[in-house]
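What's counted below: heavy atoms across the whole structure, side chains too, no hydrogens, waters or symmetry copies.
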2 protein chains.
Amino acid sequence: MAKKQRELPDSCGLGPALAVIGGKWKALLLWQIHQAQPCRFGELKRLQPDISEKMLIQHLREMEADGIIHREVFHQVPPRVEYSATPEGAELDLALAPLAEWGKKHQERTEKAKVGAVRAVRTATEAAAPG
Amino acid sequence: MAKKQRELPDSCGLGPALAVIGGKWKALLLWQIHQAQPCRFGELKRLQPDISEKMLIQHLREMEADGIIHREVFHQVPPRVEYSATPEGAELDLALAPLAEWGKKHQERTEKAKVGAVRAVRTATEAAAPG
DNA sequence: ACAAGTACAGACAAAAAAGTAAGGTACTTA
DNA sequence: TAAGTACCTTACTTTTTTGTCTGTACTTGT
């Protein structure tokens, strides 16, 4: 694997899975690459403007080393590189789906409290300054 | 959520999920708590001897704040605290199963290369110092 | 008296991850 | 000649995460 990273303990297979997908942007990148294959570097950058080029290339290289994405260079000018998901990457993306589902549900649940609080505040504000 | 942590970008629900389960030992802890409910602090420590007490309590508290485990204190001497999975925690554990599956498969795949190398080295060693 | 067990808390340090900023190539367009 | 595009690379800094160590309050066993 590409970099020395925090070693995840393992007893049930989650260790290696999280080692592969645990980076800050990796899940997102895999998802986007899997959606819009093949994807170019600049395309990914545009889709995710907040990621720095360094992190982008670093994550892409690690994911390539982990065998979940494929990198293909076209010797052209200007240079052109395409990224796509390997079969393993595609499988991983599918395995991630239930987790994403849970995440969405949990997000809604935990936001209800917030929304409630916001509504209460807004109501009070509107009562104080109506119209 | 319990602590300020690196903010995960989100577009598909994976952000919040990984924020909840992303710690080094969290998935493992959830899995063990879900297996052997209810679990005491010392029990978890014994099950996972490599985790420090600080990380154990820290992760437990964060998971409690995220609503995936429940903490119950019995006012006894010596103190007694029991941890169990909430319904949401149980759901999360289930959602994690496909990922664990993938991890196991991927681990086997990537270890084939290593096993080959190890066998070669061992054979050489045994040839040098047999018996 | 002293060690051992329970479930933590807090200060501090080390390690890992992520970010910033600058540069580099090889070619095109103005 | 300068600026622009695409795809990186490197050095350096900051932030986040994890680990180590010490200490608490109380009881039981020797």
Could you give the distance from CG (A:Asp93) to CD (A:Glu88), rounded to the nearest 0.5 Å?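 Atom-to-atom, A:Asp93:CG and A:Glu88:CD are 13.5 Å apart.
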Compare side-chain N and O positions of [X] against OP1 and OP2 of [N] and report whether any pair is under 4.0 Å apart.
X       : N      : value
B:His59 : D:dT17 : no
B:Arg40 : C:dT6  : no
A:Tyr83 : D:dC7  : no
A:His75 : C:dA26 : no
A:Lys24 : C:dG19 : yes
B:Arg46 : C:dT6  : yes
B:Arg61 : C:dA9  : yes

Tell me the interatomic distance from [X], atom [atom1], to [N], atom [atom2], rounded to whole angstroms.
X       : N      : atom1 : atom2 : result
B:Lys54 : C:dT6  : NZ    : P     : 22 Å
A:Glu82 : D:dC8  : CD    : P     : 12 Å
A:Asp50 : C:dA18 : CG    : P     : 15 Å
B:Gln76 : C:dA7  : CD    : P     : 10 Å
B:Leu44 : C:dG5  : CG    : P     : 18 Å
B:Leu60 : C:dT6  : CG    : P     : 16 Å
B:Glu64 : C:dC8  : CD    : P     : 9 Å
B:Phe41 : C:dA9  : CZ    : C1'   : 11 Å

Sole candidate of A:Val20, A:Leu94, A:Leu96 that passes side chain to side chain contact (heavy atoms under 4.5 Å, CB included) when paired with B:Trp102: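 So, applying the side chain to side chain contact (heavy atoms under 4.5 Å, CB included) to B:Trp102 and each of A:Val20, A:Leu94, A:Leu96, only A:Val20 qualifies.
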Judged by each residue's nearest nucleotide on DNA chain C, which is more toward the 5′ side, A:Gly23 or A:Pro79?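 Final value for this comparison: A:Gly23.
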Base, sugar-phosphate, or nothing: which does B:Ile57 touch, judged by heavy atoms less than 4.0 Å apart?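 Here B:Ile57 touches the backbone only, sparing every base.
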Please tell me which of the listed nucleotides, C:dG5, D:dT18, C:dC8, lies nearest to the side chain of B:Gln58?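 Of the candidates, D:dT18 comes closest.
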Hey, are B:Arg71 and B:Glu82 close enough for a salt bridge, meaning a charged N less than 4.0 Å from a carboxylate O?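 No, no charged N to carboxylate O under 4.0 Å.
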Determine, for A:Lys45 against A:Glu43, whether the closest basic-nitrogen to carboxylate-oxygen distance falls under 4.0 angstrom.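 No, this pair does not count.
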So do the side chains of A:Lys26 and A:Glu62 get within less than 4.5 Å of each other, counting heavy atoms only?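 Yes; the side chains approach each other to less than 4.5 Å.
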